[in-house]
Amino acid sequence: MKSKVTLKEIVGTKIIYAALLVCYYWMWARRDWHNYYDSIQNSVFIFTIIFFLVQASRVRKYSKEEKDELAIQNLRRTDAIGLKIMVAATIAIAFPCAVGAIDGSTAGYALVGMILVLAVARFIIFCVMDSKGV
């Protein structure tokens, strides 16, 4: 891969990290078992190893390149927006859990789902801000 590594690529791969988190949470929290679960678990594990190796080389290459200061500022603004969304969503999950409306397993799925949605929203917000040059 001779192409330049962009901050947009680095932010976009966080979606894959969040999807892997959802997969691993499903593997840990499920209460049933089917024979094909072994295949799914092994596939996710092999994909994780390969993805981490490829990503490590891309991040190492990105650290040696010249940084785009405007993109870094946009990422900081995006993270500030994401933090506000995360706090609101966590409160929205914690309150029903506190009053007994949802159980712990459902709250866990809601939390990891929220992380996945937040990763996608972060990428979209960053792309919009970066394309407009805000």
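- The 12-atom threshold is not exceeded at CG of Asn35, counting heavy atoms of other residues, nucleotides or ligands nearer than 6.0 Å.
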Would you be so kind as to tabulate the donor-acceptor pairs closer than 3.5 Å made by side chains of residues 79-100, with sequence neighbours excluded?
unit_1 : atom_1 : unit_2 : atom_2 : d
Asp79  : OD1    : Arg122 : NE     : 2.7
Asp79  : OD1    : Arg122 : NH2    : 3.1
Thr90  : OG1    : Met86  : O      : 2.7

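- Remark: Ile16 CD1 to Cys23 SG distance equals 11.5 Å, nearest 0.5 Å.
- By the side chain to side chain contact (heavy atoms under 4.5 Å, CB included) test, Asp38 pairs with Trp33, Gln41, sequence neighbours left out.
- One finds the CG atom of Leu53 at 11.0 Å from the OG1 atom of Thr48 (value rounded to the nearest 0.5 Å).
- Within the 3.5 Å criterion, the main-chain N or O of Ile102 finds no donor-acceptor partner in the side chain of Thr106.
- In this structure, the side chains of Tyr37 and Arg30 come closer than 4.5 Å at one or more pairs of heavy atoms.
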*Intermediate values then yes/no, side-chain contact (heavy atoms from CB on, under 4.5 Å), Leu21 and Leu116*: CA-CA 8 Å; Leu21 177 67; Leu116 179 61; over 6 Å; no
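- One finds the CE atom of Met129 at 9.0 Å from the CG atom of Leu70 (value rounded to the nearest 0.5 Å).
- Counting only residues at least two apart or on different chains, no salt bridge (charged side-chain N to carboxylate O under 4.0 Å, His left out) pair has a member in residues 91-109.
- Within the structure, ring-ring contact (aromatic ring centres under 6.0 Å, His included) pairs that include any residue of residues 51-94 comprise Tyr17-Phe51, Tyr17-Phe52, Phe47-Phe51 (at least two apart or interchain).
- Val117 and Val11 are not part of a single hydrophobic cluster, where members link through side-chain heavy atoms under 4.5 Å apart.
- Across all non-hydrogen atoms, the minimal contact from Val22 to Val112 is CG2-O, 3.5 Å.
- Among pairs with a residue in residues 99-129, those fulfilling ring-ring contact (aromatic ring centres under 6.0 Å, His included) read Tyr25-Tyr109, at least two apart in sequence or across chains.
- Remark: Thr78 pairs with no residue by the side-chain hydrogen bond (donor to acceptor under 3.5 Å, both in side chains) rule, at least two apart or across chains.
- The distance from atom CD1 of Ile124 to atom SG of Cys127, rounded to the nearest 0.5 Å, is 8.0 Å.
- Taking each heavy atom of Gln55 and Thr13 in turn, the nearest pair found is NE2-OG1, 3.2 Å.
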